[in-house]
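Bear in mind that the values here come from a model prediction, so they are computed numbers and not experimental data. Throughout, residue positions are numbered sequentially from 1 according to the sequence presented.
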Amino acid sequence: MDDQNTTMKEINPADPPRPLTEAAKAEIAELAARQRKANGVLMSAINFVGGQVEDGLKLLPASARDQIDDLARVALRQSFDVASKSRTGRGETIGSDRIHKILGTLSGAIGGVGGLPTALAELPVATTVIFRAVHHVAVEYGEDPHAEETKMECLAVFGAGGPSTDDDGVDTAFIGARLSISGAAVNGLISKVAPRFAAVLSQKLATQAVPILGAAAGAGTNYAFVNYYVSMAHVHFGLRKLARTYGDAAVTDHFHAVLAAGKLPQT
């Protein structure tokens with residue numbers, strides 16, 4: 001009898017997901033519009049401060065281009081370990097989207113002053129600022145600030161891509177609950193995300209390759225990157241919050257349907 005009751009509970013869960021309401025559908029549509037707008041803002045900023053992406057990449061030495069994947073992987077690993085710890089103590093009061101954009105802008109300006117060498121040195125700082133901003137958004141949407149799963153979900157946001165992509169996969173895949181939270185899982189996710197993030201960093205570094213001019217470019221690109229990933233974090237964690245009520249499948253399917261239909265609300 002106990003086995004039968006257990007089976008029945010699995011087939012008919014006590015608290016099944018609620019059907020999507022019209023209000024929930026409207027909220028999902030707003031998140032889809034935010035994602036579409038974020039892609040446009042980032043591309044405009046990159047084109048403004050650095051010219052066309054292909055031209056900007058030519059400014060990078062071959063040795064730097066070869067190292068970018070490794071740099072992205074190391075920066076993400078360091079950020080994963082550091083970002084949430086920086087929110088303890090006085091750091092907890094530094095947490096709005098606006099403050100992170102300011103921090104990113106200042107970091108980029110300083111990193112771009114000396115051209116490519118200082119830009120490379122600034123890269124881990126910029127990555128940590130972005131990761132920290134994403135982590136702050138996660139907490140805003142009810143995620144546990146101290147949970148490893150939360151940091152895994154933040155890391156997944158970096159897989160949202162950026163310029164030259166129309167991908168809406170990694171940023172809406174709720175990977176944290178589906179992976180064991182272990183060192184191997186973290187490293188595996190970093191390996192998956194790093195190439196996507198490296199493509200973004202390539203464009204950032206290219207705009208900062210010229211000393212002095214690189215300061216303005218660094219400030220502009222860092223602001224754009226923080227703005228982009230913060231927007232992606234609102235989308236990712238907004239969908240996760242809705243999924244806790246309506247279920248992953250219903251929320252994700254409706255989000256992709258809205259994106260495919262192109263009928264997005266004006267923001």
Side-chain angles (χ1 to χ4, degrees), residues 9-42 80 83-84 95 97 130-162 165-181 185-186 188-190 192-193 196-197 226-267:
K9 287 181 180 179
E10 291 175 353
I11 296 174
N12 301 302
D15 297 307
R18 291 164 47 189
L20 283 174
T21 63
E22 291 305 313
K25 291 179 180 179
E27 191 170 347
I28 291 170
E30 291 288 346
L31 292 172
R34 185 163 194 165
Q35 172 160 312
R36 188 67 56 81
K37 182 179 179 181
N39 277 296
V41 168
L42 182 56
F80 185 91
S84 60
D97 292 351
I130 296 171
F131 200 110
R132 194 181 190 281
V134 169
H135 188 267
H136 171 72
V137 173
V139 176
E140 279 188 338
Y141 283 94
E143 305 286 343
D144 183 349
H146 306 295
E148 289 293 294
E149 179 184 336
T150 300
K151 292 196 292 183
M152 292 283 279
E153 293 290 346
C154 291
L155 186 60
V157 172
F158 282 82
T165 74
D166 292 315
D167 177 74
D168 49 47
V170 178
D171 56 305
T172 59
F174 307 140
I175 53 87
R178 299 172 189 171
L179 290 174
S180 60
I181 308 300
V186 173
L189 185 55
I190 287 176
K192 181 177 180 180
V193 168
R196 303 293 304 279
F197 188 50
V226 174
N227 181 72
Y228 173 76
Y229 285 109
V230 162
S231 293
M232 289 296 96
H234 279 284
V235 173
H236 182 81
F237 291 106
L239 292 174
R240 272 179 59 84
K241 184 177 181 180
L242 288 166
R244 289 193 282 272
T245 300
Y246 302 104
D248 286 4
V251 170
T252 304
D253 289 350
H254 189 71
F255 178 76
H256 285 286
V258 171
L259 282 177
K263 296 178 180 180
L264 304 177
Q266 297 297 315
T267 59

Between Arg196 and Phe158 (side chain of the first, backbone of the second, donor and acceptor by atom type, cut-off under 3.5 Å), is there such a pair?
no
Which heavy atom in Glu153 sits nearest to a heavy atom in His236, and how many Å separate them?
OE1-NE2, 2.6 Å
Under 4.5 Å between any side-chain heavy atoms of Phe255 and Gln35, yes or no?
yes
What heavy-atom pair brings Met152 and Val186 nearest, and what distance separates the two atoms?
SD-CG2, 3.5 Å
Nearest-0.5 Å distance that lies between atom NZ in Lys241 and atom CD in Glu140:
10.0 Å
Are Phe80 and Cys154 close enough, and set up right, to give a side-chain contact (heavy atoms from CB on, under 4.5 Å), and what steps lead you there?
CA-CA 8 Å; Phe80 185 91; Cys154 291; over 6 Å; no
Short side-chain to backbone donor-acceptor contact, His135 and Pro145, under 3.5 Å
yes
All heavy atoms of Leu20 vs all of Ala250, minimum pair found to be CD1-O, 3.6 Å
Return the CZ to CG distance between Arg36 and Leu31, rounded to the nearest 0.5 Å.
13.5 Å
Looking only at non-hydrogen atoms, find the nearest pair between Ala29 and Val258 and report the distance.
CA-CG1, 4.1 Å
As an exercise, state the distance from OH of Tyr141 to OG1 of Thr150, rounded to the nearest 0.5 Å.
15.0 Å
Determine the minimum heavy-atom distance between Val134 and Ala233, stating which atoms define it.
CG1-CB, 3.9 Å
Working to the nearest 0.5 angstrom, can you tell me the gap between Thr21 OG1 and Tyr246 OH?
3.5 Å
Between atom NZ of Lys151 and atom CG of Asp144, what is the distance when rounded to the nearest 0.5 Å?
11.0 Å
What are the two closest non-hydrogen atoms of Glu27 and Leu242, and how far apart are they?
OE1-CD2, 3.7 Å
Between OG1 on residue Thr252 and CZ on residue Arg240, distance to nearest 0.5 Å:
10.5 Å
Heavy-atom distance under 4.5 Å between the side chains of Leu155 and Phe131, does that happen here?
yes
